[in-house]
Amino acid sequence: MSKVIVKGDPLPNMPWENRPRGSKSVVWRYSRNPVIPRDIIPCSNSVFNSAVVPFKGAFAGVFRCDDQRRCMRLHAGRSKDGLRWQIDPEPIAFQCDIPEIAAFEYGYDPRVCWIEDRYYVTWCNGYHGPTIGIAWTTDFKTFHQMENAYLPFNRNGVLFPRKINGKYVMLNRPSDNGHTPFGDIYCSESPDLIHWGCHRHVMGTKHPWESTKIGAGPIPIETSEGWLLFYHGVLTSCNGFVYSFGAALLDLEEPWKVRHRAAPYLLSPQRDYECVGDTPNVAFPCAALCDAKTGRLAIYYGGADTVTCLAFTQVDEVVQFIKENA
Ligand code: BMA
């Protein structure tokens with residue numbers, strides 16, 4: 001039983017593995033990583049930074065599949081156990097009646113969020129530069145694309161799973177047109193998921209592991225201690241960027257206020273499948289499954305911009321870690 005109260009449903013069938021004997025890590029990796037190989041569908045060069053949610057007693061998701069032309073595409077997928085995935089061989093063909101928005105340039109780093117009565121997908125959408133695309137689905141077959149949330153340049157758009165004070169809320173990360181050498185997390189509000197405003201700064205770079213830029217990861221998890229946010233942080237080494245992830249607790253009603261933030265990372269690229277691939281040294285989380293009853297958490301993250309991996313933790317332990325390691 002989780003001591004920290006998690007708002008949400010029980011999810012007894014989610015992927016899970018106990019902490020390996022002898023390990024003291026707050027977050028531990030799935031022993032059979034990666035869960036999704038780079039060549040799971042015929043056209044894929046790599047499948048990573050992908051989003052997974054509970055769906056009709058099983059699981060569904062939106063996957064970043066870079067194809068063998070190295071075009072960045074989004075594909076839907078389904079799984080009974082969250083581990084073995086059937087990913088559609090064809091990319092999602094978004095339905096969109098706004099001609100200016102309908103021309104798909106590229107899409108990457110999706111997140112999926114259930115709000116009220118449907119799943120919303122947010123992703124980094126090419127529109128004269130990267131911005132945040134939004135679409136909704138109820139069946140993971142038909143996806144209805146809406147207006148982009150912001151002007152370019154923006155990345156890492158992550159919705160909260162309920163309205164806060166009557167407004168939809170999205171974390172996002174203003175950026176540039178390239179491999180952005182800066183970046184703080186902001187939060188924006190909307191009455192209708194179309195018009196976004198009331199932009200607030202949430203947090204900036206702080207500790208060495210995240211000193212270049214940060215960006216929100218999975219959909220925040222509502223707990224009695226605040227919104228549990230996992231986020232990636234980037235260090236610039238002499239060999240380029242290093243992507244790790246850490247966690248913070250945001251205020252439940254004013255989520256731009258950071259209540260606690262852990263100084264150390266939770267997971268940094270150390271295994272071969274995180275260190276070797278199309279982009280070395282990347283662990284990039286985009287989704288988390290949570291069993292509200294036990295507080296078990298399964299975090300899906302991309303490894304080296306090549307494969308999709310899983311790591312586990314417990315809400316109680318991660319909340320305690322955040323509070324004790326400020
Ligand atoms: C970011 C995004 C991510 C990627 C990361 C590391 O800018 O492109 O998809 O994982 O860089 O290359």
Side-chain angles (χ1 to χ4, degrees), residues 33-38 44-52 61-67 69-75 91 104-112 121-127 129-133 150 152-158 171-186 205 209-218 230-246 265-288 299-311:
N33 268 347
V35 270
I36 302 179
R38 64 186 305 165
S44 62
N45 165 78
S46 42
V47 183
F48 58 110
N49 301 4
S50 296
V52 164
V62 175
F63 298 83
R64 170 173 177 176
C65 301
D66 291 6
D67 69 17
R69 300 167 300 174
R70 300 300 298 267
C71 294
M72 300 181 282
R73 293 285 182 264
L74 302 174
H75 291 237
F104 189 87
E105 272 184 52
Y106 57 79
Y108 61 86
D109 298 357
R111 282 30 174 219
V112 180
V121 187
T122 54
W123 70 95
C124 181
N125 189 37
Y127 180 75
T131 182
I132 306 302
Y150 315 109
F153 309 112
N154 205 309
R155 290 185 174 99
N156 299 302
V158 177
L171 299 170
N172 58 96
R173 213 285 302 285
S175 59
D176 68 12
N177 202 12
H179 299 295
T180 316
F182 61 88
D184 292 359
I185 298 177
Y186 289 76
T205 57
W209 69 269
E210 47 163 20
S211 51
T212 298
K213 54 181 171 174
I214 57 174
F230 295 101
Y231 67 97
H232 69 260
V234 182
L235 168 149
T236 304
S237 80
C238 59
N239 262 332
F241 288 160
V242 178
Y243 282 71
S244 309
F245 64 88
Y265 60 71
L266 288 169
L267 187 144
S268 82
Q270 297 180 7
R271 297 295 169 89
D272 285 356
Y273 50 83
E274 298 154 354
C275 298
V276 180
D278 285 344
T279 311
N281 306 321
V282 181
F284 194 102
C286 286
I299 301 168
Y300 288 81
Y301 66 100
D305 285 3
T306 305
V307 291
T308 303
C309 308
L310 253 183

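All figures in this text were calculated on a predicted structure; none of them were measured in a lab. The analysis underlying the following values was restricted to heavy atoms, covering all of them including side chains, and did not include hydrogens, waters or symmetry mates. Every number for a ligand or one of its atoms is a count from 1 in the order of the listing.
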Handout entry: Plane angle bin for Tyr243 and His232 - parallel if under 30°, tilted between 30 and 60°, otherwise perpendicular
Key = tilted
Problem - Side chains of Tyr273 and Cys309 in contact at under 4.5 Å (non-hydrogen atoms) - result: yes
Exercise for the section: Begin from the C-alpha positions of Asp109 and Asn49 and carry the test side chain to side chain donor-acceptor pair (under 3.5 Å) through to its verdict. Expected result: CA-CA 5 Å; Asp109 298 357; Asn49 301 4; 3.1 Å; yes
Exercise for the section: Would you please name every residue forming a salt bridge (Lys or Arg N to Asp or Glu O under 4.0 Å) with Arg73, sequence neighbours left out? Expected result: none
Fill in the blank from the handout: Across all chains, not counting sequence neighbours, the salt bridge (Lys or Arg N to Asp or Glu O under 4.0 Å) partners of Asp67 are Arg69
Would you mind listing each N/O atom of ligand 1 next to any protein N/O under 3.5 Å, plus the distance?
| residue | atom | partner | partner atom | Å |
| --- | --- | --- | --- | --- |
| ligand 1 | 9 (O) | Asn49 | ND2 | 3.0 |
| ligand 1 | 9 (O) | Arg64 | NH1 | 2.6 |
| ligand 1 | 9 (O) | Asp109 | OD1 | 2.8 |
| ligand 1 | 9 (O) | Asp109 | OD2 | 2.7 |
| ligand 1 | 10 (O) | Asn49 | ND2 | 2.9 |
| ligand 1 | 10 (O) | Asp305 | OD1 | 2.6 |
| ligand 1 | 11 (O) | Tyr243 | OH | 3.0 |
| ligand 1 | 12 (O) | Asp305 | OD2 | 2.6 |

Practice task
Applying salt bridge (Lys or Arg N to Asp or Glu O under 4.0 Å), name anything that partners Arg173, two or more places apart in sequence or on another chain.
Solution key: none
